[in-house]
There are 2 protein chains.
Amino acid sequence: MNELRRPDARPLYVQVEAILNERIVSGEWKSGQAIPAEPELAAELGVSAGTLRRALARLEQRHLIERRQGRGTYVSQQTSQQALGLFFRVRNFAGKPVRPESFITGVTTGPATPEEAARLRLSPGEAVHRIDRRRHLEGEPRIAERIALPAALFPGLSLPLAPKQLGAEIYVHYRNAHGIIVVSAEEDLSAASATEEEAALLGCPVGAPLLLIERVTFDAAGRPVELRVSRLDTRAHRYAVEIV
Amino acid sequence: MNELRRPDARPLYVQVEAILNERIVSGEWKSGQAIPAEPELAAELGVSAGTLRRALARLEQRHLIERRQGRGTYVSQQTSQQALGLFFRVRNFAGKPVRPESFITGVTTGPATPEEAARLRLSPGEAVHRIDRRRHLEGEPRIAERIALPAALFPGLSLPLAPKQLGAEIYVHYRNAHGIIVVSAEEDLSAASATEEEAALLGCPVGAPLLLIERVTFDAAGRPVELRVSRLDTRAHRYAVEIV
DNA sequence: GTTGCACGGTCTTGTATAAGACACAAGACC
DNA sequence: GGTCTTGTGTCTTATACAAGACCGTGCAAC
């Protein structure tokens, strides 16, 4: 029986959510694993089934767990499928989601720029790893991208990415190799003109309009874990947003 | 007592949600009005309080109602506040949401273009109203915008917009004058170069990169009710997206 | 007499509990 | 290959209490 309850002002179902969240983040419950059945878990936590279900519903909404009637409740696998569906909003003109191919063009480590430090909530000059990628959509080079990662969170950057190709499985890799579970992101969109370098990379005229996407990604604990700046050639693709 | 239940395969709380949704859309419950208290409504519909609450929670998530502990449940007012907060995603560099000012530059009616017809699910050549606007952010002209509305849904286009200025209150107007409740939208984003006309309007160089926003808005019944094409000058502003 | 305000009472939604019927999935058994 | 059993999540109901908001009463101060 836990010490939940009154001193903590938050509703019980929020406290339960936090406890379960912690079990997932800490690795006590591993990716893809089934968690205990509802009655069992409710008994263990000393709350009613209804309260537990409410907490589980919130975790499901955040994509941390998946529930299947008749089978059980599972910790989400950060599959490439899922990560792409959640975070990659690019469609072709037919409205079909596309899968990007990725080609790494450079990996470096150095002190954070002021902007990187601000966006990633680092102290000025803290080390960041940077990965530059070219990404292809439907066979054509369409995205120029730089990813900045706090070096403190990714010691040694033990990424198997020296080879030229790496899928969008970076998030999967984050989770498996560094215990970081990505759950949300903020993106700022604007328009920019292609530099010479970008034009060469993307095969478009210098000065062509590109969609500039600046994304900060957060993990389950709310920490910023990635700054990603992408330049998308929108001659054949769109960035899709649904507003509810 | 209604004829809910078994023949309809959907869960009861979904059926209840649909009933309440209909009461709001039909105007039986008017904007800003309080709806009956939970016990009363549950009794009237012949369902338990818990089931009713679940339906109300879903309506609240769709911003159709607002619930306040101790006071009651109210049909949402499509206030300019709310409509802007939900649909207008533009921020300045400090991250602060900005309110646009609007200046109408033209209103016309004519047959829909193929693209308009497709996006608004109209038959080819059906009539649409078009409103052209210039919008200012923090005092500067930043957005060139064209709005296309199915004429069938907006008979006569009885808008009080002959004068040059009209706030972002178009959605409020939709609701009050035409009984259309806007609840969701899909946006496609891309980058485009400013034409001469746009450059003149926005005070930017010809060919400058603009963020092109194509939005289709849907009402509570799921009908497309508006196609809006905006060109945003992102020299001083950003389009913000949150991914959960 | 009038104003101001504290106190209760009563209405509302929010939280938490419990219990049973149901639907789906998987494996055991025949 | 069917059928049964068991274990799971899903739906629905019912009840109780907590917490916020509102309103009127009635006392106190002026």
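As a basis for the values below, the full set of heavy atoms in this structure was taken, side chains included, without hydrogen atoms, waters or symmetry mates.
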Over how many whole Å does the gap from B:Leu12 atom CG to C:dC22 atom P extend?
14 Å

Can you check the A:Leu52 CG to C:dT17 P distance for me, whole Å?
10 Å

Dot-bracket, 5' to 3', for DNA chain C please: Watson-Crick or G-U pairs under 3.5 Å, [ ] where pairs cross earlier ones, | where the partner sits on another strand, dots elsewhere.
||||||||||||||||||||||||||||||

Could you list, one pair per line, each protein nitrogen or oxygen that sits under 3.5 Å from a nitrogen or oxygen of nucleotides 5-12 of chain C, together with the distance?
from: C:dT12; atom 1: O2; to: B:Gly70; atom 2: N; distance (Å): 3.2

B:Tyr13 side chain N/O closer than 4.0 Å to the phosphate oxygens (OP1, OP2) of D:dT12?
no

Does any donor atom in the side chain of B:Arg62 or B:Asn21 lie under 3.5 Å from an acceptor atom in the other side chain?
yes

Presence of B:Arg53 side-chain N/O under 4.0 Å of C:dT13 phosphate oxygens OP1/OP2:
no

Output the rounded distance in Å from CG (A:Leu45) to P (C:dT17).
11 Å

Expressed as a whole number of angstroms, how long is the span from A:Glu17:CD to C:dA16:C1'?
16 Å

Please step through salt bridge (charged side-chain N to carboxylate O under 4.0 Å, His left out) for the pair A:Arg215 and A:Glu186, ending with a clear verdict.
CA-CA 6 Å; A:Arg215 172 196 296 173; A:Glu186 293 175 7; over 6 Å; no

Please give, in whole Å, the distance from D:dT8 C1' to A:Ile35 CD1?
12 Å

For a 4.5 angstrom cut-off between non-hydrogen side-chain atoms, does A:Glu22 reach A:Glu28?
no

Of the nucleotides D:dC11, C:dT17, C:dT15, which has the atom closest to the A:Val47 side chain?
C:dT17

Contact between A:Val47 and A:Leu12 at the side-chain level, heavy atoms closer than 4.5 Å - yes or no?
yes

Distance check needed: C:dA16 C1' versus A:Arg10 CZ, whole Å only.
17 Å

Can you confirm whether A:Val229 sits close enough to A:Glu145 that some side-chain heavy atom of one is under 4.5 Å from a side-chain heavy atom of the other?
no

Are B:Arg54 and D:dT12 close enough that a side-chain N or O sits under 4.0 Å from OP1 or OP2?
no

Between A:Ile65 and A:Ile24, is there a side-chain heavy-atom distance shorter than 4.5 Å?
yes

How many Å lie between OH on B:Tyr74 and C1' on D:dG20, as a whole number?
12 Å

Regarding B:Arg223 and the six-membered ring of B:Phe218, is the cationic atom NZ or CZ under 6.0 Å from the ring centre and inside 45° of its axis?
no

When you compare the side chain of B:Glu138 with that of B:Asn92, does any pair of heavy atoms fall below 4.5 Å?
yes

Distance-only donor-acceptor hits, side chain of residues 29-43 of chain A, under 3.5 Å, sequence neighbours excluded:
from: A:Lys30; atom 1: NZ; to: A:Gly27; atom 2: O; distance (Å): 2.8
from: A:Ser31; atom 1: OG; to: A:Ser76; atom 2: O; distance (Å): 3.4
from: A:Gln33; atom 1: OE1; to: A:Lys30; atom 2: N; distance (Å): 2.9
from: A:Glu38; atom 1: OE1; to: A:Arg53; atom 2: NH1; distance (Å): 3.4
from: A:Glu38; atom 1: OE2; to: A:Arg53; atom 2: NH1; distance (Å): 2.8
from: A:Glu38; atom 1: OE2; to: A:Arg67; atom 2: NH2; distance (Å): 2.2

To the nearest Å, how far apart are B:Leu56 CG and D:dT12 C1'?
15 Å

